[in-house]
*Asks:* 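Following this message is one structure expressed as structure tokens.
Per chain, numbering begins at 1; letters A, B, ... match sequence-line order. This is a predicted model, so every value here is computed, not measured.
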Amino acid sequence: MTLPQLFFTYFAISMTILSVLVVTRRNPVHSVLWMLVLFIHIAALYLFLNAEFLAAVQIIVYAGARLVLFVFVIMLLNLKKEKTEKKYQDQWPVGAGISLLMIIFFVLIMGKITELPALGKYSIEAIQSEGSLMTIGKVLYTEYILPFEIASVILLVAIIGAVVLAKKRIE
Amino acid sequence: MVPLSWYIVLSAVMFCIGVFGFLARRNLLIIFISIELMLNSVNISLVAFSHYLQSMTGQILVFFVIAVAAAEAAIGLAIIIAYYKNNPTIKVDEINLLKG
């Protein structure tokens, strides 16, 4: 086993354990904190895949903004009863069965993938010669300019929607 | 060199753990966190494909997934808070105002 494979094995095992911890903790704050560790692992995996920009975005947006939002909401809600009540819904065995079936399905169709599309022009050398940010920016602002604009509208809708939903009703 | 299939299997396993959390937990916040987990697992597979196929599309797609997921989380959490003001519970089996 080479060194990259060893690294990947560590990341895969710890990310699986962390995911299980995230969905099984009773206290949502503990869940969010495990999620933080998981996001840092995911960012490291992105670095591994030469996606430096996405690794930074993962840390800044997910770990920096999203999880803080979650913790704020947890603190706003009164979750004292949580400690005594049951964690799972009554149909949890069905959920476990479905997710097991999905794992089996995904692994089975993995073996069927024999043909991959032709390689694109963004090899590691091409990205290195231009810089990672430059490359992703050029693609984002030329080929994908329309989705980029639509994403800005979606974010605007989210801003307005969140304010409208959470504000006090004016009589 | 790590084979592409390893990344895909890791992504599939994380996705399925997220599915389990989504279907089985009672706490609405944990269900939201499970959705985040599923989105992130898909992001891993997209970045892996982007790297191995030497294409930029996967990374751009991850960028948009992050943007849309931010909108989703903001709206969803606002709905949770708005609901909690009327009816102080976030247990999904007790949220049955529509009697579905």
*Asks:* Is the shortest side-chain heavy-atom distance between A/F8 and B/L10 below 4.5 Å?
*Replies:*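 Heavy-atom side-chain distance check passes, below 4.5 Å.
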*Asks:* Are any of the side-chain heavy atoms of B/Y52 and A/L49 separated by less than 4.5 Å?
*Replies:*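 A side-chain contact under 4.5 Å exists here.
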*Asks:* Heavy atoms, side chains only, cut-off 4.5 Å: are A/R26 and B/N27 in contact?
*Replies:*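 Result no, sub-4.5 Å side-chain heavy-atom pair not found.
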*Asks:* Taking the side chain as every heavy atom from C-beta outward, state whether B/P3 and A/Q5 have any atom pair closer than 4.5 Å.
*Replies:*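 Contact flag for B/P3/A/Q5 side chains = yes.
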*Asks:* Quick one: what part of B/E36 sits under 4.5 Å from any heavy atom of chain A, side chain, backbone, both or neither?
*Replies:*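 Backbone plus side chain of B/E36, per the 4.5 Å heavy-atom cut-off to chain A.
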*Asks:* Following the transitive rule for hydrophobic clusters with a side-chain heavy-atom cut-off under 4.5 Å over Ile, Leu, Val, Met, Phe, Trp and Tyr, establish whether A/F105 and A/V94 coincide in one cluster.
*Replies:*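 They do share one cluster, since a chain of ILVMFWY contacts under 4.5 Å joins A/F105 to A/V94.
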*Asks:* If the plane angle is over 60° it's perpendicular, under 30° parallel, otherwise tilted; pick one for B/F20 and A/W92.
*Replies:*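 Plane angle over 60°, so perpendicular.
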*Asks:* What part of B/L29 gets within 4.5 angstrom of chain A, counting heavy atoms only: side chain, backbone, both, or neither?
*Replies:*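 Contact with chain A is through both the backbone and side chain of B/L29.
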*Asks:* From B/M14 CE over to A/S19 OG, what is the distance, rounded to the nearest 0.5 angstrom?
*Replies:*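 The OG atom of A/S19 is 4.0 Å from CE of B/M14, to the nearest 0.5 Å.
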*Asks:* Could you tell me how the ring of B/F64 sits relative to the ring of A/Y144: parallel (under 30°), tilted (30 to 60°) or perpendicular (over 60°)?
*Replies:*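 Ring orientation of B/F64 relative to A/Y144: tilted.
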*Asks:* Identify, with sequence neighbours excluded, every residue that meets side chain to side chain donor-acceptor pair (under 3.5 Å) alongside B/Y83.
*Replies:*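 Only B/N87 meet the side chain to side chain donor-acceptor pair (under 3.5 Å) criterion with B/Y83.
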*Asks:* Considering only heavy atoms and a distance below 4.5 Å, find which of B/V19, B/I81, B/I8, B/I60 pairs most often with chain A.
*Replies:*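 The candidate making the most pairs under 4.5 Å is B/I60.
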*Asks:* So, do A/L116 and B/L4 sit near enough that their side-chain heavy atoms are less than 4.5 Å apart?
*Replies:*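 Result yes, sub-4.5 Å side-chain heavy-atom pair found.
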*Asks:* When you measure from the centre of the six-membered ring of A/Y88, is the NZ or CZ of B/R25 closer than 6.0 Å and no more than 45° off the axis?
*Replies:*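 Flagged: B/R25 positioned over aromatic ring of A/Y88.
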*Asks:* Any idea which heavy atoms bring A/N50 and B/Q59 closest together, and the distance?
*Replies:*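 Minimum heavy-atom contact is O-NE2, 3.8 Å.
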*Asks:* Just to be sure I understand the criterion: a residue of residues 35-44 of chain A counts if one of its heavy atoms is under 4.5 Å from a heavy atom of chain B. Which ones qualify?
*Replies:*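 The residues closer than 4.5 Å to chain B, in numerical order, are A/M35, A/L38, A/F39, A/I42.
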*Asks:* Please look at B/F15 and chain A and tell me whether the side chain, the backbone, both or neither of the residue comes under 4.5 angstrom of a heavy atom of that chain.
*Replies:*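 When you check distances to chain A, only side chain atoms of B/F15 fall under 4.5 Å.
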*Asks:* Is it true that B/V68 and B/L46 fall in one hydrophobic cluster, defined by side-chain heavy atoms closer than 4.5 Å?
*Replies:*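 The answer is no; the residues belong to distinct hydrophobic clusters.
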*Asks:* Can you pull out the residues in residues 158-165 of chain A with any heavy atom less than 4.5 Å from chain B?
*Replies:*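 Those residues of residues 158-165 of chain A which have a heavy atom under 4.5 Å from chain B are A/A158, A/G161, A/A162, A/L165.
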*Asks:* Which region of B/T57, side chain (C-beta onward) or backbone (N, CA, C, O), has a non-hydrogen atom less than 4.5 Å from a non-hydrogen atom of chain A, or is it both or neither?
*Replies:*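 Both parts, backbone and side chain.
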*Asks:* With side chains defined as the heavy atoms from C-beta onward, is the minimum distance between A/V107 and B/V13 less than 4.5 Å?
*Replies:*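 A side-chain contact is absent here, since even the closest heavy-atom pair is not under 4.5 Å.
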*Asks:* How are the rings of B/F63 and A/F148 set to each other: parallel, tilted or perpendicular (split at 30° and 60°)?
*Replies:*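 Correct class here is parallel.
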*Asks:* If we only count heavy atoms from C-beta on, is the B/Y7 to A/F11 side-chain gap below 4.5 Å?
*Replies:*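 Side-chain contact under 4.5 Å: no.
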*Asks:* Could you pull out all residues at least two apart from A/D90 that satisfy side chain to side chain donor-acceptor pair (under 3.5 Å)?
*Replies:*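 Here the qualifying residues are A/K86.
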*Asks:* When you check the side-chain N and O atoms of B/N43 and A/Q58, is any donor under 3.5 Å from an acceptor?
*Replies:*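 No pair is found: no donor N or O on one side chain lies under 3.5 Å from an acceptor on the other.
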*Asks:* Within a strict 4.5 Å, meaning less than it, do heavy atoms of the B/L23 and A/Q91 side chains meet?
*Replies:*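 Heavy-atom side-chain distance check fails, nothing below 4.5 Å.
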